[in-house]
Amino acid sequence: MIDLALSIFCSSLIFVVFKLYSRFNIETFYAIVVNYVVACTTGLLFYEKKILIGEVMQASWIWGTLLLGVLFITVFNLMAKTSQENGVSVASVATKMSLVIPVLLGVALYNEKLSFLNIIGILLALVAVYFASVKKNRLSLSKSSLLLPVLVFLGSGIIDSSIKYVQETQLEKSEFPLFSSVVFAAAALTGIMLILVKLSKTSIKFNARNIMGGIALGVPNYFSIFFLLRALQNEQLNSASIFTINNVAIVMFSTLLGILLFKEELSSKNWLGVGFAVVSILLVALF
C-alpha cells in the first residue's frame, strides 16, 4: 500500500507542478522536454541490466514505443494547459476519466463484455468532464475550456490503451523500466526536434528556470509509473482494485491540493463533476 500511496502522491504532484509553471513564468513546452530527459535518465539509473542499444532497437515493441513518445509529449502539453487554464481538479478529472477508453476498446477488439453498470459509468464519465469544466457563474463553456479537457481525456485514453496492448502482447516484466525510459526518450527526442524547427524560425533561449521546472516534473513523472508498477505486484489486491484506488485518489487528492495550494474555487457543478468522476471509475472498474 505504501507503493500505491507514493504513486498517487507523485501523480497528483504532476498537476501541481503544471500549475506552478504559470506562476513562475516557466515556459511549459521547454520544461516538458527537459522533464522527459530527466524521466528517461531516472529510469535508466533504475534498470539493473546492461543496456545494449542494438538489442533495444530490435525489440518488438520499439516502434510502438516511439509513437507513444510523440503521444506523451502532446498529451502532457495539453494537461499542462488544462491545469493552467481550467484548474488542477479539471485536469486530473479529464485524465483519470480516460479509463473508459481502454474499456471500450476492450469491447471492440477483444470481445469483452460490458455490464449495465459499466455503461452507466462510461456515460457518467463524459458528464463528469463537462461539469468539472464549467467555470463558476457561467452557464456555457468557451471553446477552449471544453476542448482542452476533452483532448486530455481522449489522449490519455489512447496512451493507456496503447501501453496496455504493448505490455500484454510484447513486453516482459523485467523490461518495464527500460520500456518506460525508451518512451520518455522518444518524447524528449520529439520535443528536441520541434525545438530545432523553432530555432530555424526564431531565437530561443533556454534558461535555468525552465530547466528547474523540467527537473521538478521529470522526477515525479517517472516515479508515478515506477511505484504503480510495484503496487501492481501486491498479492492482496487485484489490478482492478489498485487502478480504481489509484484513479479515485488522484482525482480527490489533486482537487484538494488545488483548493489548498492555489485557492481554486469549485462551484456546485464542479463538485458534482468530481462526484460523478468517482462514481464513474467505481462503476467501470469494479462491476
J.: Do the side chain of Tyr21 and the main chain of Gly213 share a donor and acceptor less than 3.5 angstrom apart?
T.: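 Indeed, once roles are kept as given, a pair shorter than 3.5 Å links the two residues.
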
J.: Can you name the side chain to side chain donor-acceptor pair (under 3.5 Å) partners of Ser22, sequence neighbours left out?
T.: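 So Ser22 forms no side chain to side chain donor-acceptor pair (under 3.5 Å) with any residue.
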
J.: Could you report the tightest heavy-atom contact between Ile32 and Ala80, atom names first, then the distance?
T.: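 Taking Ile32 first and Ala80 second, the nearest heavy atoms are CD1-CB, 4.3 Å.
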
J.: Supply the atom-to-atom distance Asn86 CG to Leu147 CG, rounded to the nearest 0.5 angstrom.
T.: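 Rounded to the nearest 0.5 Å, the CG-CG separation comes out at 10.0 Å.
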
J.: With a cut-off of 6.0 Å (strictly less than), are more than 12 heavy atoms of other residues, nucleotides or ligands near NZ of Lys81?
T.: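 No.
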
J.: Would you sort out whether Thr255 and Ile259 count as a side-chain contact (heavy atoms from CB on, under 4.5 Å), showing the intermediate values?
T.: CA-CA 6 Å; Thr255 299; Ile259 295 171; 4.2 Å; yes

J.: Specify the closest pair of heavy atoms between Thr190 and Val70, including all atoms of both residues, with the distance to one decimal.
T.: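 Closest approach of Thr190 to Val70, heavy atoms only: OG1-CG2, 3.5 Å.
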
J.: What distance do Asn35 atom CG and Tyr30 atom OH have between them, rounded to the nearest 0.5 Å?
T.: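 Asn35 CG to Tyr30 OH: 15.5 Å, rounded to 0.5 Å.
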
J.: With a 6.0 Å cut-off (strictly less than), is the heavy-atom count around CZ of Phe9, excluding the residue itself, greater than 12?
T.: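 Open: at most 12 neighbouring heavy atoms sit under 6.0 Å from CZ of Phe9.
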
J.: What closest approach, in Å, do Ile8 and Ala249 show between heavy atoms, and which atom pair accounts for it?
T.: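 Heavy atoms only, the tightest pair is CD1-CB, 3.4 Å.
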
J.: Can I get a per-line list of side-chain donor-acceptor pairs under 3.5 Å for residues 37-45, giving both atom names and the distance, sequence neighbours left out?
T.:
unit_1	atom_1	unit_2	atom_2	d
Thr41	OG1	Val37	O	2.8
Thr42	OG1	Val38	O	2.8

J.: Do the side chains of Glu27 and Arg209 get nearer than 4.5 Å, heavy atoms only?
T.: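 No - every pair of side-chain heavy atoms lies 4.5 Å or more apart.
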
J.: Of the non-hydrogen atoms in Gly273 and Ala128, which two are nearest, and what is the gap between them?
T.: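 Answer, listing the atom of Gly273 first, then Ala128: O-CB, 3.3 Å.
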
J.: Can you hop from Val197 to Ile192 via hydrophobic side chains spaced under 4.5 Å?
T.: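 Val197 and Ile192: separate clusters.
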
J.: Has Asn221 got a side-chain atom pairing as donor or acceptor with Gly218's backbone, closer than 3.5 angstrom?
T.: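 Not confirmed, Asn221 side chain does not pair with Gly218 backbone.
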
J.: Looking at residues at least two apart in the chain, or sitting in another chain, which of them share a side chain to side chain donor-acceptor pair (under 3.5 Å) with Thr28?
T.: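 Applying side chain to side chain donor-acceptor pair (under 3.5 Å) to Thr28 gives Gln84.
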
J.: Partners of Phe223 by ring-ring contact (aromatic ring centres under 6.0 Å, His included), sequence neighbours excluded?
T.: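 Phe223: ring-ring contact (aromatic ring centres under 6.0 Å, His included) contacts with Phe46, Phe226, Phe227.
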
J.: Taking only residues at least two apart or on different chains, which pairs with a member in residues 76-97 satisfy ring-ring contact (aromatic ring centres under 6.0 Å, His included)?
T.: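 For residues 76-97, and leaving out neighbouring residues, the ring-ring contact (aromatic ring centres under 6.0 Å, His included) pairs sorted by first residue read Phe18-Phe76, Tyr36-Phe76.
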
J.: Do the non-hydrogen side-chain atoms of Phe29 and Ile195 ever get within less than 4.5 Å of each other?
T.: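 Phe29 reaches Ile195 side chain to side chain.
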
J.: What closest approach, in Å, do Ile211 and Val34 show between heavy atoms, and which atom pair accounts for it?
T.: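 That closest heavy-atom pairing would be O-CG1, 3.7 Å.
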
J.: From Thr82 OG1 over to Phe153 CZ, what is the distance, rounded to the nearest 0.5 angstrom?
T.: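 These two atoms lie 13.0 Å from each other.
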
J.: Starting at OG of Ser162, measure out to CH2 of Trp61 and round the result to the nearest 0.5 Å.
T.: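 Reported to 0.5 Å precision, the distance equals 15.0 Å.
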
J.: Taking Ile2 as the starting point, is it possible to reach Leu4 by hopping between hydrophobic residues whose side chains are less than 4.5 Å apart?
T.: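 In one cluster: yes.
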
J.: Carefully, step by step, assess Val274 and Asn270 under the rule side-chain contact (heavy atoms from CB on, under 4.5 Å).
T.: CA-CA 6 Å; Val274 173; Asn270 297 149; 5.7 Å; no

J.: Just so I know, are the side chains of Leu257 and Phe15 near enough to count as touching, which here means a heavy-atom distance under 4.5 Å?
T.: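 Leu257 does not reach Phe15 side chain to side chain.
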
J.: By side-chain contact (heavy atoms from CB on, under 4.5 Å), which residues pair with Phe24, not counting sequence neighbours?
T.: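 Testing Phe24 for side-chain contact (heavy atoms from CB on, under 4.5 Å), a comparison that skips the adjacent residues, returns Leu20, Ile26.
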
J.: Do the side chains of Phe72 and Leu189 join up, straight or via other hydrophobic residues, at under 4.5 Å, putting them in one cluster?
T.: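 Looking at the clustering, Leu189 is in a separate group from Phe72.
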
J.: First locate atom CG of Leu194, then atom CG of Asn77, and finally report the distance between them rounded to the nearest 0.5 Å.
T.: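 Here the interatomic distance stands at 9.0 Å.
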
J.: Same cluster or not: are Met212 and Val16 linked, directly or through other Ile, Leu, Val, Met, Phe, Trp or Tyr residues, by side-chain heavy atoms under 4.5 angstrom apart?
T.: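 They do share one cluster, since a chain of ILVMFWY contacts under 4.5 Å joins Met212 to Val16.
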
J.: Could you report the tightest heavy-atom contact between Met79 and Ile14, atom names first, then the distance?
T.: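 Scanning both residues completely, I find the closest heavy atoms to be CE-CG2, 4.4 Å.
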
J.: Please round to the nearest 0.5 Å and tell me the distance separating atom CG of Leu261 and atom CZ of Arg23.
T.: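 Nearest 0.5 Å value for the CG-CZ distance: 8.5 Å.
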
J.: Using a 3.5 Å distance criterion without hydrogens, assess whether the side chain of Ser224 forms a donor-acceptor pair with backbone atoms of Ser7.
T.: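 Side chain of Ser224 to backbone of Ser7, a donor-acceptor pair under 3.5 Å: no, none is there.
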
J.: Is it the case that one hydrophobic cluster holds both Ile119 and Leu117, taking links as side-chain heavy atoms less than 4.5 Å apart, direct or via other members?
T.: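 Linked, Ile119 and Leu117 end up in one cluster.
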
